[in-house]
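Note that the numbering runs from 1 along the sequence shown for the chain.
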Amino acid sequence: MAKEFQAPGKDVVQKIWQEFGLNEQRVKESVEALKNWLAKEPHLPEESGSLHEARLERWLIRCKNSMERTKQSIDLYYTLKSLSPDMMCDWNPRSKWYQNAIKTMCFFPMPELTPEGDRIILVKYLTKDAINYVPEDNYKMGLMTLEVRMCEEYCFRDIVIFDMDNYTLGHASKITFTAAKIAEVCLMKAFNTRLKALHIINAPSYAEVFIAIIKAVFSSKLTSRIFVHGRDLTEFRNHVPRMCLPDDLGGTGGSLQENWDLWLKKLDSYHDWFLQHENFRSDESKRISGVIDSGDLFGFDGSFRRLNVD
């Protein structure tokens with residue numbers, strides 16, 4: 001039977017703090033420093049409360065206790081909410097687009113950490129019928145999952161398992177480089193996701209185009225962490241503990257559908273918070289720093305304001 005997602009215990013938290021040279025006092029000081037920095041940036045929104053502080057702490061950990069990287073990531077997060085609202089906003093778990101998206105693809109964290117303290121993320125097409133599949137909506141749904149994890153999660157890195165069992169040419173025809181690249185920037189820079197490995201399993205021969213797009217949007221460092229498996233999952237199972245896999249993939253963590261249903265309840269519990277947080281984004285008219293070409297971020301034309309981390 002699947003378990004509900006819960007934040008790891010104090011032992012895991014202490015282990016992660018130790019890895020990045022943190023303790024309770026240093027965390028408090030760093031979070032306070034980030035709050036003070038945010039208050040001095042006129043283009044950034046004013047947030048408050050324990051949930052805001054928890055997210056700042058997770059940002060710090062995701063950036064490996066680098067204050068400069070944390071500031072860059074936070075600034076970019078709010079900036080993308082203003083400049084890429086199609087991807088970073090309208091995160092309403094009761095909206096029409098969301099209700100359609102959760103029927104075409106799942107994206108959720110498994111409740112058990114690996115012995116190394118890494119989190120398994122399951123992604124899978126839920127049906128071979130691609131008529132209602134909108135890749136951009138599924139990217140948004142995945143970012144909503146990251147947002148909740150920023151409020152509750154402690155782990156070292158992510159191990160993503162992308163099950164392509166139901167992948168068809170109909171899905172392939174709808175995937176574009178542009179949308180995938182924007183999603184990658186949100187994932188890897190705004191949320192500063194630490195990817196240990198991406199295992200693509202049950203990949204059919206015609207998945208080559210999809211895999212090529214994935215490798216094109218990731219850096220060369222990250223592409224070296226992509227592993228493609230066909231129908232034979234023997235080698236794949238050597239990389240992931242059974243307790244961290246759903247029953248469907250030979251694990252003991254409950255069925256994929258049970259885990260997905262539990263995670264959907266978790267997302268829905270954040271309904272009010274998602275709606276409130278919609279208003280927290282950058283005001284680019286108040287930014288006092290310069291301008292950079294968006295090619296630095298996305299690799300195509302446009303312009304963004306330069307991030308100020310002083």
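The side-chain heavy atoms of Met144 and Pro93, taken from C-beta on, include a pair separated by under 4.5 Å. Looking only at side-chain heavy atoms (C-beta outward), Arg55 and Tyr77 come within less than 4.5 Å of each other. In this structure the side chain of Ile201 reaches within 4.5 angstrom of the side chain of Leu249, judged on heavy atoms. Using a 4.5 Å heavy-atom cutoff, the side chains of Ile121 and Ile161 are not in contact. Within the 4.5 Å cutoff, side-chain heavy atoms of Phe274 are placed close to those of Val148. The shortest side-chain heavy-atom distance between Thr79 and Glu284 falls under the 4.5 Å cut-off. Looking at heavy atoms from C-beta onward, Phe280 lies out of side-chain contact with Leu44 at the 4.5 angstrom threshold. Residues Phe5 and Phe108 fail the side-chain proximity criterion, which asks for heavy atoms closer than 4.5 Å.
The cationic group of Lys81 lies under 6.0 Å from the six-membered ring centre of Trp91 and within 45° of the ring axis, placing it in a cation-pi geometry.
Lys3 NZ: 12 or fewer foreign heavy atoms inside a 6.0 Å radius.
Aromatic ring orientation, Tyr270 versus Trp273: perpendicular (interplanar angle above 60°, classes split at 30° and 60°).
Closest non-hydrogen pair, Ile102 versus Leu126, comes out as O-CD1, 3.2 Å. Closest approach of Ala54 and Cys151 over heavy atoms only: CB-O, 4.0 Å. Residues Ile200 and Met164 come closest through the heavy atom pair CG2-SD, 3.3 Å. The two atoms that bring Pro246 and Leu122 nearest to each other are CD-CD2, 4.2 Å, heavy atoms only. In this structure, Cys63 and Ser73 approach most closely via the heavy-atom pair SG-CB, 4.1 Å.
To the nearest 0.5 angstrom, Ser255 atom OG is 7.5 Å from Asp261 atom CG. In this structure, the separation between CD on Glu112 and CG on Leu245 is 11.5 Å, given to the nearest 0.5 Å. A distance of 10.5 Å separates CG in Leu22 from CD1 in Ile16, rounded to the nearest 0.5 Å.
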- [ ] Please lay out, stage by stage, how Phe162 and Phe107 fare under the test side-chain contact (heavy atoms from CB on, under 4.5 Å).
- [x] CA-CA 9 Å; Phe162 199 138; Phe107 188 115; over 6 Å; no
Open item on the list: Pair Asp118, Arg157 - check salt bridge (charged side-chain N to carboxylate O under 4.0 Å, His left out), show working.
Closed with: CA-CA 5 Å; Asp118 299 323; Arg157 294 160 296 185; 3.4 Å; yes
Open item on the list: Could you go through Arg26 and Glu29, starting from their C-alpha distance and side-chain angles, then the distance that decides it, and tell me whether this counts as salt bridge (charged side-chain N to carboxylate O under 4.0 Å, His left out)?
Closed with: CA-CA 5 Å; Arg26 288 179 180 176; Glu29 291 173 352; over 6 Å; no
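Aromatic pair His171/Tyr125: centroids less than 6.0 angstrom apart.
Under 4.0 Å is where a charged nitrogen must lie from a carboxylate oxygen, and between Arg231 and Asp165 at least one such pair does.
Applying the side-chain contact (heavy atoms from CB on, under 4.5 Å) test between Asp158 and each of Arg194, Lys196, Arg119 identifies Arg119 as the sole match.
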